[in-house]
Protein chains: 2
Amino acid sequence: MKKNGKIEKVSEKTIGRLSLYRRAMDKLAKEGRDFAFSHEIAHMSGATPDQVRRDIMVLGYSGSPNRGYSVAELSKSIGEFLDDLDVQKVVLVGVGNLGRAILSYFTGKRPKLSIIACFDNDTEKTGRVINGCRCYPMSQLQDVINENSASIAIMAVPFSASQEVADRLTHSGIKGILNFTPVSIKVPHGIHVEDIDMTMALEKVAFYSRQKPQGQLLERRTNDKAGH
Amino acid sequence: MKKNGKIEKVSEKTIGRLSLYRRAMDKLAKEGRDFAFSHEIAHMSGATPDQVRRDIMVLGYSGSPNRGYSVAELSKSIGEFLDDLDVQKVVLVGVGNLGRAILSYFTGKRPKLSIIACFDNDTEKTGRVINGCRCYPMSQLQDVINENSASIAIMAVPFSASQEVADRLTHSGIKGILNFTPVSIKVPHGIHVEDIDMTMALEKVAFYSRQKPQGQLLERRTNDKAGH
DNA sequence: TCATATTCGTGACATCTTTCACATTGTGTA
DNA sequence: TACACAATGTGAAAGATGTCACGAATATGA
Ligand SMILES: NC(=O)c1ccc[n+]([C@@H]2O[C@H](COP(=O)([O-])OP(=O)(O)OC[C@H]3O[C@@H](n4cnc5c(N)ncnc54)[C@H](O)[C@@H]3O)[C@@H](O)[C@H]2O)c1
Ligand SMILES: NC(=O)c1ccc[n+]([C@@H]2O[C@H](COP(=O)([O-])OP(=O)(O)OC[C@H]3O[C@@H](n4cnc5c(N)ncnc54)[C@H](O)[C@@H]3O)[C@@H](O)[C@H]2O)c1
């Protein structure tokens, strides 16, 4: 996205952090702040000032020395980079415990992302409006997706249905999937899948939270070279 | 974890994938499989065979050429590496939509991780058993954590309470936090925090699922050196 | 028993990501 | 207007992670 024609590869990590920076900007905007320094953004986003500045480079937007970044302009720049021009339509498949939580959470969270329908194969759930979202039977998956040009799906079905649902979604024209099931789904080339694996995350926490008292040394910021 | 005394740094990514491999092993075990090849494990876990073999190296466990890895032994090896000897006790703070989904999901999922209590500041929820988990008022946070030697916490409170709850958890002796709130919490050195940020994940999917038709080139395996 | 096909283990290499360090440049001040 | 400051932008080094490639090991079947 550099000024010159050269196409620069933007790392996936950077994409993620830009989303975080924008959220930070929106928070600062609510507080009435007009400018923010890279170190403030870093602090709010769990990054480093260096990283923040480097990430922002890809936007083509520049802050000003000694004043930092304009909160409004940075948020706008990130939006121009991350968001589509149109609203992107999202569907959710699997309206169970997790699916309902997600529905209640995401509704209206981001102006450019709209959950327009949800699907389930349980007739108790279909035909109703759940957490503000109309629930359709699976038989209408393809039609609803096509009629609304939905391009994104959130999967919260039982793991046993995971691959089958993924197949139906991609056949229906879905271009990206946020996958909450603990299964590595196979999709055609060009479809983006983002996995959220809570069990893995919890096991990571468990691993790092034990053996700390006398365990191996982790990241440090001390200046005394490892305690002798 | 090399055979010689040298402590080898194990990457965080590897820790995560080992958790995935174990899940794959447990699945294969259920299917009655005795051995698995690195490429099978890779396929099930969304990794590459190289990665799988390299990750498994840190365990000190070896498969056998032409037969692969013993499903039972690999699972056991991963357990010895990842798990604590004792069961690690987990508490959950914030029994809202997401908190309840998590409770219903994690209960009994991993034998070495047990959610022993949950907490909320809503008197409608405290004093009851929710999804099989006793819910305490926040005033009892420290006592319950100490009495049970809980070392891990899952945070699913509103973002506004995020930092305050994190502070109370670390003061109570919690060593690791799985943070679902969209806030970068600050914790004392040595406490591990794992963030799950669904909004960021969804925005990443949204980014990669648009502009694909004629967008910039993503991962490739071409041999023509990018257009000059 | 020996040749063959297959898979593992791992050093070396390639790539991706972060951090360092410093010249650059607006900003506020005298 | 000129000066000092504080933060930015960015090459380059360092570090982390992923991939390649090949020797070693092992099951299989002639
Ligand atoms: N609940 C959590 O906190 C949590 C955490 C991590 C992962 N997950 C994963 O998320 C998924 C859903 O979890 P949950 O707790 O909401 O489960 P759940 O059983 O409460 O919900 C699953 C929903 O999917 C529906 N469903 C089943 N088969 C379907 C099909 N073929 N097509 C469409 N819908 C179908 C069911 O009717 C149900 O409404 C699971 O894969 C689970 O592993 C959940
Ligand atoms: N629901 C989702 O799918 C989802 C997705 C992503 C992130 N999150 C995040 O997870 C958190 C919880 O989301 P939710 O949808 O479950 O919200 P929720 O409002 O349904 O639940 C929040 C719970 O926390 C309790 N609570 C409030 N203040 C508290 C305090 N100071 N101490 C202890 N408990 C307190 C409330 O009584 C309530 O039970 C939020 O930070 C949200 O941003 C939720």
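So that the names make sense, note that chain A is the first sequence line, chain B the second, and so on, each numbered from 1.
Separation of the Phe207(B) and Phe81(A) ring centroids falls under the 6.0 Å cut-off.
Thr199(A) is not listed as a side-chain neighbour of Leu202(A), based on a closest heavy-atom distance of 4.5 Å or more. Looking at heavy atoms from C-beta onward, Ser75(A) lies in side-chain contact with Asp26(A) at the 4.5 angstrom threshold.
Arg54(A) contributes no side-chain N or O that forms a donor-acceptor pair with the base of dT18(C) under 3.5 Å.
Remark: P of dT10(D) and CG of Asp55(A) are 13 Å apart, rounded to the nearest angstrom. The separation between Leu59(B) atom CG and dG9(C) atom C1' is 13 Å, rounded to whole Å. When rounded to the nearest whole Å, the span between NZ of Lys13(B) and P of dC16(C) equals 12 Å. The distance between atom CD of Glu40(A) and atom P of dT8(D), rounded to the nearest whole Å, is 9 Å. One can place CG of Leu74(B) at 17 Å from P of dT7(C), the figure rounded to the nearest angstrom. For Gln51(A) and dA16(D), the CD to P distance is 14 Å, given to the nearest whole Å. Per the geometry, OH belonging to Tyr61(A) stands 14 Å off P belonging to dT10(D), to the nearest Å. Rounded to a whole Å, the NE2 atom of His39(B) is 16 Å from the P atom of dC20(D).
Between Arg53(A) and Ser64(A), the residue whose closest nucleotide on DNA chain C is further toward the 5' end is Arg53(A).
By the 30° and 60° cut-offs, the orientation of the rings of His192(B) relative to Tyr208(A) is parallel.
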>> Walk me through whether Lys13(B) and Leu18(B) qualify under side-chain contact (heavy atoms from CB on, under 4.5 Å).
In response: CA-CA 9 Å; Lys13(B) 294 271 184 69; Leu18(B) 285 173; over 6 Å; no
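Here Ser11(B) reaches the OP1 or OP2 of dT17(D): one of its side-chain N or O atoms lies under 4.0 Å away. Between Thr48(B) and the phosphate of dT19(D), there is a side-chain N or O to OP1/OP2 separation shorter than 4.0 Å. In this structure, Tyr69(A) reaches the dG9(D) phosphate: one of its side-chain N or O atoms is under 4.0 Å from OP1 or OP2. OP1 or OP2 of dT8(D) sits under 4.0 Å from a side-chain N or O of Ser38(A).
Within 4.0 Å (heavy atoms only), Arg67(B) reaches sugar-phosphate atoms of the nucleic acid but no base atom. Among the heavy atoms of the strands, none lies under 4.0 Å from Thr14(A).
For Met57(A), counting side-chain heavy atoms from C-beta on, the closest listed nucleotide (dT17(C), dT10(D), dT8(D)) is dT10(D). Residue Pro65(A) places its side chain closer to dT25(C) than to any other of dC20(D), dG9(C), dT25(C). Residue Asn66(A) has its side chain nearest to dG26(C) when only dG18(D), dT26(D), dG26(C) are considered.
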